[in-house]
Amino acid sequence: MNRRKALQKTGWFSGAALLAPLWLGLLESCKSEPRLDWQPLFFTELEARTIAALLDMILPATDTPGALDVKADMFIDKVLAKTYDAAGKADFRERLAAFNASCETTYGKKFIDLSEQDKIAVLKREESNSPKFNRGVWGKTIGEQLPVGFYRGLKSMAVWAYCTSEEIGENVLSYDPVPGIYEPCKPIDEVGNRWSL
């Protein structure tokens, strides 16, 4: 082998040795980036990942399942896709984009890219600045309801999706199936008082 070929091969090997960690780092970063494992009907991938990150902060898994464990993000996506009209969909999308723009203005990143501490700070700010729902009596709102904004509306949808899920309804909340168990031959003394329903 001549000297020129030897130097050329040495150059290739040293270049590969220097670039190998960089390539491995890029491959690892691609692996660790969260990917959706479902196909949204309404959300774009960025919107779906943002909603998932928000729901995971609002209702995280503890000793009970979290919002993502019961697929609350998928439920909200379906509700938006199938029940909102074009104006409602556009409004939700605009408010979500404004939320992300606010995060970028304050922290220089979209919500999903923020650190855990910054995400908590964003949610605390939203919690204190968002108008609250008015109290209600018999399903009627007392007084004029002001728009509650993106965060409070999403939080309300998240709680609704969470509490109406089968997993939470049957295994976490008290569950009494209606119409109940049919017991045709139960002695009257075991029944007790008459039932009001």
Pair I112-L46, side chain to side chain contact (heavy atoms under 4.5 Å, CB included): steps then yes or no
CA-CA 9 Å; I112 56 173; L46 174 63; 3.5 Å; yes

Please work out which of the three classes, parallel, tilted or perpendicular, describes the rings of F92 and Y84, given edges at 30° and 60°.
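Geometry flag for F92 against Y84: perpendicular rings.
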
Taking the inter-plane angle between the rings of W160 and F75 on a 0 to 90° scale, is it parallel (under 30°), tilted (30 to 60°) or perpendicular (over 60°)?
perpendicular

For the student: nearest non-hydrogen atoms of [X] and [Y], plus distance:
{"X": "S156", "Y": "F133", "result": "CB-CE1, 3.7 Å"}
{"X": "K119", "Y": "L114", "result": "CE-O, 3.4 Å"}
{"X": "P131", "Y": "R152", "result": "O-NE, 3.2 Å"}
{"X": "Y151", "Y": "E127", "result": "OH-OE1, 2.7 Å"}

Polar side-chain atom of K89 near backbone of A81 as donor-acceptor pair, under 3.5 Å
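Here the side-chain-to-backbone pair exists.
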
Main chain of A53, side chain of D56: is a donor-acceptor contact present, judged purely on distance under 3.5 Å?
no

Same hydrophobic cluster for [X] and [Y], using side-chain heavy-atom links shorter than 4.5 Å among ILVMFWY?
{"X": "L173", "Y": "L59", "answer": "yes"}
{"X": "L123", "Y": "I76", "answer": "yes"}
{"X": "F150", "Y": "I58", "answer": "yes"}
{"X": "L41", "Y": "L96", "answer": "no"}
{"X": "V79", "Y": "V70", "answer": "yes"}

With a cut-off of 6.0 Å (strictly less than), are more than 12 heavy atoms of other residues, nucleotides or ligands near [atom1] of [X]?
{"X": "K132", "atom1": "NZ", "result": "yes"}
{"X": "Q117", "atom1": "CD", "result": "no"}
{"X": "K109", "atom1": "NZ", "result": "no"}

Say you draw a straight line from NZ of K82 to CG of L80; how long is it, rounded to the nearest 0.5 Å?
12.5 Å

Distance in Å, R95 CZ paired with N100 CG, rounded so as to fall on 0.5 Å steps
14.0 Å

If you apply the rule side chain to side chain contact (heavy atoms under 4.5 Å, CB included), what do you find for R125 with S102, and how did you get there?
CA-CA 11 Å; R125 182 192 69 208; S102 170; 3.2 Å; yes

